[in-house]
Amino acid sequence: MSVHPLDQRIAAVKPIAVPAPGRSVELQVKVTAPLSGRDLPVIVFSHGNGWSLDGYGPLVDRWAAAGFVVVQPTHPDSRRNGIGWEDPRFAGIWRVRIADLHAVLDHLGDVLLQVDGLEGRVDRGRVAVVGHSWGAQTAGAVLGARVLDADGVPGEDHSHPAVTAGALIAATGTGDTLTPFAVEHLPFMRPDYSTMTVPTLVVAGGKDRSRLSTRGPDWFTDAYHLAPSPKSLLTVAEGEHTLGGIAGEAVAETTDEDPARVALVADAISVYLLDALKVDGTAWTALTATATDGAWSISGK
C-alpha cells in the first residue's frame, strides 16, 4: 500500500543541539523536512533501545515526503553512548528519554530556526509524538500514560500540552507478565494507559513475541485496548518487532524484512496523523474502508 506521491524532495540537518540541563551527554537531534510546502505538521520521534537520530530512515523519509517535519533525538541508551544494562545510569534512562522529548518540544522553535527557511513553514499548533518499542513507551508517557510502581500506584504525569496526536509502534504492554529479565532490568515497563487520552494509533505485529513478557503478540495491543477512546489499532498479521525493517534496510535485528510492510506502517501513520491533527482526513478514511487480504487490519474506538 502506498497512499502518498513520494516524489517530494526532502532534506535533513544534523546534529542540532537542544538545551537539556543535567544530562550527562549533549542532547542532539536530526531534522528531516520537505523542501517545499507550508503549514507543515511536526512529528517528534523516539527511537527504540540502542538506536540514535541516524536510524529509522525508511519511516522518517516517507513521513517527510508526506509533508511532515520530523525531529529525532538521540536518547542516552544509544549504542554510541555505551550505557548497557549493568550500568548504574541505565535505571534512570526511561526518565531521561521522556525529558528529552519535553526538551525538544519546549525548544521546538529554536530547533527549527537551525534549518534555513524552515521555521516559518511549520504549523507549531500541529505536533505529534511517535515512538517504536522503548520509544513507544517514551512517547506514550508524553501522550498521557503513566508508569505504575511496584505497588501498582501510578507515577507522575509526563504529558505535554503541545502534543495533540500520536502513534505507538510495538508499544510495551502491561507489566503483570514481565519475564524475570525484564523485572530485574526494566521494572519501569509497567505502563498505565488509562490516562492516555490523546488520539493515538497503536501499531502491532501479529507475530511479535517479546522476551520481556510471557504473553504473546497481544501484549503489544494493550495500549489500544486499555486506553480511552479515541484510539485506532493497526495490526500487521505477519509483522514481527521491527515490522519489516522500520529501523533501516537490512539491519541485524530485523527478523521479518519486507519493504512493503515498512511502507504500510509509515504511510498508515502519516494518514492517521494528518487526520488526527485536522490537516486532511481523506486518506485515513479511505484506508480504514479498504478491504485487505488479511495481511493487515484496522480497528477503532
Side-chain angles (χ1 to χ4, degrees), residues 12-33 42-56 60 69-116 118-119 122 124-149 154-164 166 168 172 185-192 195-196 198:
V13 176
K14 66 170 188 179
I16 297 172
V18 178
R23 214 171 179 274
S24 59
V25 293
E26 183 179 63
L27 174 58
Q28 296 183 339
V29 301
K30 174 184 177 181
V31 175
T32 307
V42 178
I43 293 173
V44 178
F45 180 77
S46 181
H47 62 71
N49 181 44
W51 281 91
S52 71
L53 57 77
D54 289 318
Y56 295 88
V60 171
V69 174
V70 187
V71 185
Q72 296 175 261
T74 295
H75 296 304
D77 56 286
S78 173
R79 296 182 187 95
R80 59 188 56 178
N81 293 326
I83 301 176
W85 306 109
E86 305 302 331
D87 191 299
R89 294 172 291 176
F90 190 86
I93 283 180
W94 71 274
R95 292 183 177 275
V96 181
R97 281 174 144 267
I98 297 169
D100 287 350
L101 297 192
H102 275 258
V104 172
L105 292 162
D106 291 342
H107 296 280
L108 184 58
D110 294 333
V111 169
L112 297 173
L113 283 171
Q114 303 303 307
V115 183
D116 290 345
L118 181 59
E119 198 273 340
V122 174
R124 297 268 302 280
R126 289 188 166 105
V127 178
V129 292
V130 181
H132 172 238
S133 194
W134 194 359
Q137 185 177 8
T138 307
V142 177
L143 292 166
R146 301 192 182 190
V147 174
L148 300 174
D149 66 16
E156 61 265 48
D157 177 8
H158 294 288
S159 61
H160 196 288
V163 175
T164 56
L168 305 181
T172 297
H185 296 283
L186 308 163
F188 51 84
M189 283 193 167
R190 293 174 57 84
D192 173 14
T195 52
M196 193 175 75
V198 176

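Residues: numbered from 1 along the sequence shown. Model, not experiment: these values are computed from the prediction.
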**OP:** Start with the C-alpha distance between H75 and H47, add both sets of side-chain angles, then the distance that settles side-chain contact (heavy atoms from CB on, under 4.5 Å), and finish with yes or no.
**Re:** CA-CA 8 Å; H75 296 304; H47 62 71; 3.6 Å; yes
Subject >> Between CG on residue D77 and OG on residue S52, distance to nearest 0.5 Å >> reply: 10.0 Å
**OP:** State which residue, out of V70, V42, L118, fulfils the side-chain contact (heavy atoms from CB on, under 4.5 Å) condition with V31.
**Re:** L118
Subject >> Shortest non-hydrogen separation from R146 to G155 and the atoms involved >> reply: CD-O, 3.1 Å
Original post:
Quick one: are L105 and V142 in side-chain contact, heavy atoms under 4.5 Å?
Top reply: yes
**OP:** Examine distances only and state if a side-chain atom of D157 and a backbone atom of S159 form a donor-acceptor pair shorter than 3.5 Å.
**Re:** yes
Subject >> Heavy-atom closest contact (L53 atom, K30 atom, distance) >> reply: O-CD, 3.3 Å
**OP:** Drop me the distance from R126's CZ to I43's CD1, to the nearest 0.5 angstrom.
**Re:** 14.0 Å
**OP:** List the atom of P73, the atom of L27, and the distance in Å for their closest heavy-atom pair.
**Re:** CB-CD1, 3.9 Å
**OP:** Show your reasoning for whether side-chain contact (heavy atoms from CB on, under 4.5 Å) applies to V115 and I16.
**Re:** CA-CA 9 Å; V115 183; I16 297 172; 4.0 Å; yes
Original post:
Closest heavy-atom contact between M196 and A145?
Top reply: CB-N, 3.9 Å
**OP:** Could you walk me through whether H158 and V147 pass side-chain contact (heavy atoms from CB on, under 4.5 Å), step by step?
**Re:** CA-CA 10 Å; H158 294 288; V147 174; 6.0 Å; no
Subject >> Side chains of H160 and D106, donor plus acceptor under 3.5 Å >> reply: yes
Subject >> Atom pair OG1 (T74) and CG (D100), whose distance is rounded to the nearest 0.5 Å >> reply: 9.0 Å
Original post:
Just how far is it from atom CG of N49 to atom CD of Q137, taken to the nearest 0.5 Å?
Top reply: 12.0 Å
**OP:** First locate atom CZ of F45, then atom OH of Y56, and finally report the distance between them rounded to the nearest 0.5 Å.
**Re:** 5.0 Å
**OP:** Could you check R124 against L108 for side-chain contact (heavy atoms from CB on, under 4.5 Å), going step by step and ending with a plain yes or no?
**Re:** CA-CA 8 Å; R124 297 268 302 280; L108 184 58; 3.9 Å; yes
Original post:
Sub-3.5 Å donor-acceptor pair from the side chain of T138 to the main-chain atoms of I98, do we have one?
Top reply: no
**OP:** Can you see which heavy atom on A139 is nearest to which on G131, and at what distance?
**Re:** CB-N, 3.9 Å
Subject >> W134 and I93, any side-chain heavy atoms less than 4.5 Å apart >> reply: yes
**OP:** May I ask you to test the Q114-V13 pair for a side-chain heavy-atom distance under 4.5 Å?
**Re:** no
Original post:
Looking at side-chain heavy atoms only, is the closest gap between R89 and P76 below 4.5 Å?
Top reply: no
Original post:
When the ring planes of W94 and F188 are compared, do they come out parallel, tilted or perpendicular, using 30° and 60° as the limits?
Top reply: parallel
Original post:
Looking at G55 and Q72, what are the two nearest heavy atoms and their distance?
Top reply: O-NE2, 2.9 Å
Original post:
Any sub-3.5 Å donor-acceptor pair from T195's side-chain atoms to G144's backbone N or O?
Top reply: yes
